[in-house]
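Below is one structure, written out as structure tokens; comments come after it.
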Amino acid sequence: MEFIIVTEQYEPGIALIQLNRPKELNALNRKLMEEVRDTLQALDKNEQVRVIILTGNEQAFAAGADIKQMADKSAIDMLLIDQFSTWDQIRKTKKPIIAAVSGFALGGGCELAMMCDMIIASESAKFGQPEIKIGTIPGAGGTQRLTRAIGKAKAMELILTGRFLSAEEAHFYGLVNKVVPVEMYLHEAVALAREIAQMSPVAVQLAKEAVNRSFETHLDEGLAFERKNFYLTFASADQKEGMQAFIEKRKPQFKGH
Ligand code: CAA
């Protein structure tokens with residue numbers, strides 16, 4: 001890997017992907033995103049991994065898609081390269097992904113964080129979709145996901161002005177789960193991952209799938225989907241163990257099937 005650092009077992013059950021183009025504030029070039037996609041595919045299949053953390057460094061999660069790589073492209077070049085289709089894999093990942101964000105999360109960086117399932121932010125995090133300032137618009141989900149996350153009025157303001165949201169504002173608007181001091185953001189993400197990693201991975205996967213379905217369907221269909229996934233958990237040994245442990249007043253020992 002050239003632009004990311006992967007630690008498969010950062011802790012038992014927790015994988016860490018660190019974006020690693022620090023001089024360019026982790027600008028997301030095509031190779032970097034292909035590396036993220038391939039790594040996510042591999043981690044999703046790796047039975048030793050329960051939760052994935054995606055992070056950058058203190059200064060930048062990512063300052064957007066690589067402007068220098070795109071600047072001189074024609075519309076047809078962009079269409080044929082179709083670079084954002086690579087990003088779809090993030091959405092297809094079955095295991096939970098936590099974004100641990102410090103510094104800039106702008107443009108594609110903000111979109112990448114929003115593609116994750118939860119966001120832990122450092123106090124220095126800055127979120128925004130500043131594409132308007134360079135004569136374009138968000139292209140990897142910003143107009144859709146930011147609007148769903150923080151509501152139309154604020155999303156419209158950010159997308160039309162390119163203003164940034166501070167970590168505190170991002171928390172206020174529900175974009176991030178928690179804001180912590182800079183030196184704590186990765187620890188906090190790991191603590192969250194550790195808690196989830198102890199649950200039944202089957203139940204975690206089915207729950208994630210059901211929550212995500214709520215963005216894609218109407219209530220009736222979403223409820224039916226949830227119910228089927230709920231019933232499906234009863235095919236797992238972990239459900240039997242979980243309920244039996246509750247009855248016997250002990251801690252469950254989930255086996256992952
Ligand atoms: N693409 C390419 N290079 C980038 C970059 C980006 N998105 N963001 C930063 N860099 C590079 C800079 O060019 C600079 O490189 P050089 O030292 O070689 O000049 C280096 O990273 C450091 O950046 P700055 O000197 O600009 O640092 P700063 O602290 O003064 O400013 C910043 C930081 C406000 C984040 C500023 O870099 C900036 O505005 N970056 C661009 C943000 C942006 O517009 N993002 C959206 C990109 S388009 C997109 O993402 C489309 C989409 O929907 C997917």
Side-chain angles (χ1 to χ4, degrees), residues 1-6 17-45 52 54-57 59-94 97 99 101-117 119 125-150 152 154-165 170 175 212 215-216:
M1 297 290 168
E2 190 181 347
F3 297 121
I4 65 175
I5 300 169
V6 181
I17 303 176
Q18 185 181 13
L19 308 177
N20 189 34
R21 281 189 87 198
K23 283 201 197 101
E24 293 82 8
L25 302 179
N26 290 333
L28 306 165
N29 64 18
R30 293 200 295 279
K31 173 91 172 19
L32 183 154
M33 287 310 296
E34 283 163 13
E35 290 179 3
V36 170
R37 176 200 58 198
D38 294 347
T39 302
L40 286 174
Q41 276 173 347
L43 294 175
D44 224 13
K45 288 192 191 118
I52 300 158
L54 182 61
T55 195
N57 55 52
Q59 204 192 354
F61 177 71
D66 190 327
I67 299 170
K68 292 167 192 166
Q69 199 176 43
M70 293 185 291
D72 62 354
K73 297 282 181 286
S74 71
I76 300 302
D77 290 336
M78 291 302 279
L79 187 76
L80 295 178
I81 295 168
D82 195 16
Q83 70 189 75
F84 298 143
S85 63
T86 310
W87 300 40
D88 289 344
Q89 174 58 35
I90 296 155
R91 193 166 155 245
K92 290 184 190 147
T93 305
K94 293 178 181 146
I97 310 177
V101 175
S102 184
F104 298 111
L106 304 177
C110 185
E111 290 165 313
L112 182 59
M114 289 192 292
M115 278 184 215
C116 298
D117 301 305
I119 302 177
K126 290 182 187 65
F127 297 85
Q129 298 289 159
E131 289 89 345
I132 201 82
K133 291 184 170 172
I134 52 169
T136 185
I137 71 167
T143 61
Q144 306 303 300
R145 290 200 178 90
L146 191 63
T147 307
R148 281 166 165 83
I150 69 175
K152 177 181 163 185
K154 202 67 193 173
M156 196 68 94
E157 176 191 325
L158 295 189
I159 290 167
L160 298 190
T161 64
R163 286 181 190 169
F164 300 161
L165 272 189
L175 182 63
N212 280 338
F215 291 103
E216 278 152 28

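Here the structure is a predicted model, which is why all the values come from computation and not from measurement.
Remark: side-chain polar atoms of E35 are paired, donor with acceptor, to backbone N or O of F3 under 3.5 angstrom. A donor-acceptor pair is defined here as one N or O able to donate and one able to accept, closer than 3.5 Å; no such pair exists between the side chain of N29 and the backbone of D66. E111 places no side-chain N or O within donor-acceptor distance of the main-chain N or O of P138, the cut-off being under 3.5 Å. Looking only at distances, a side-chain donor or acceptor of D44 sits under 3.5 Å from a matching main-chain atom of K94. Between the side chain of K92 and the backbone N or O of D88 there is no donor-acceptor pair closer than 3.5 Å.
Closest of all the heavy-atom pairs between F164 and G128 is CD2-CA, 4.3 Å. Closest non-hydrogen pair, N20 versus P22, comes out as C-CD, 3.3 Å. For the residue pair G108 and W87, the shortest heavy atom distance occurs at O-CZ3, 3.4 Å. Nearest heavy atoms, A113 versus V101: CB-CG2, 4.1 Å. Between K152 and T147, the closest heavy-atom pair is CA-CG2, 3.9 Å. Of all heavy-atom pairs between M115 and I90, the closest is CB-CG2, 3.6 Å.
Remark: K154 fails to qualify as a cation-pi partner of F127 under the 6.0 Å distance and 45° angle criteria applied to the six-membered ring.
With rounding to the nearest 0.5 Å, the separation of CD1 in I67 from CG in L28 is 10.5 Å. Going from atom CG of L158 over to atom CD of Q129 covers 8.0 Å, rounded to the nearest 0.5 Å. Considering CE of M1 and CD1 of I17, their distance stands at 8.5 Å, rounded to 0.5 Å. The SG atom of C110 sits 7.0 Å away from the CD1 atom of I119 when rounded to the nearest 0.5 Å. Distance CZ/R37 to CZ/R30: 12.0 Å, rounded to 0.5 Å. Separating the CG atom in L40 from the NZ atom in K45 is a distance of 11.5 Å, to the nearest 0.5 Å.
The side-chain heavy atoms of M114 and L146, taken from C-beta on, include a pair separated by under 4.5 Å. Residues L19 and L112 have side chains in contact (heavy-atom distance under 4.5 Å, counting atoms from C-beta outward). Between L25 and L106, the closest side-chain pair of non-hydrogen atoms is not below 4.5 Å. Between Q83 and K73, the closest side-chain pair of non-hydrogen atoms is not below 4.5 Å. Side-chain atoms of L54 and F61, non-hydrogen and from C-beta on, do get closer than 4.5 Å to each other. Counting only heavy atoms from C-beta outward, the side chains of T39 and I52 never approach each other to under 4.5 Å. Looking at heavy atoms from C-beta onward, L32 lies in side-chain contact with I4 at the 4.5 angstrom threshold.
D117 meets the side chain to side chain donor-acceptor pair (under 3.5 Å) test with K208; sequence neighbours excluded.
No more than 12 heavy atoms of other residues, nucleotides or ligands lie within 6.0 Å of CZ in R163, so this atom counts as exposed by the packing criterion. Annotation for I137: atom CD1 does not count as buried by contact number, only 12 or fewer foreign heavy atoms lying within 6.0 Å.
Salt-bridge formation is not detected for the pair E34/K31: no Lys NZ or Arg NE/NH1/NH2 atom is positioned less than 4.0 Å from an Asp or Glu carboxylate oxygen.
Within the structure, the ring pair (Phe, Tyr, Trp, His ring centres under 6.0 Å) test picks out no pair touching residues 21-40 (sequence neighbours left out).
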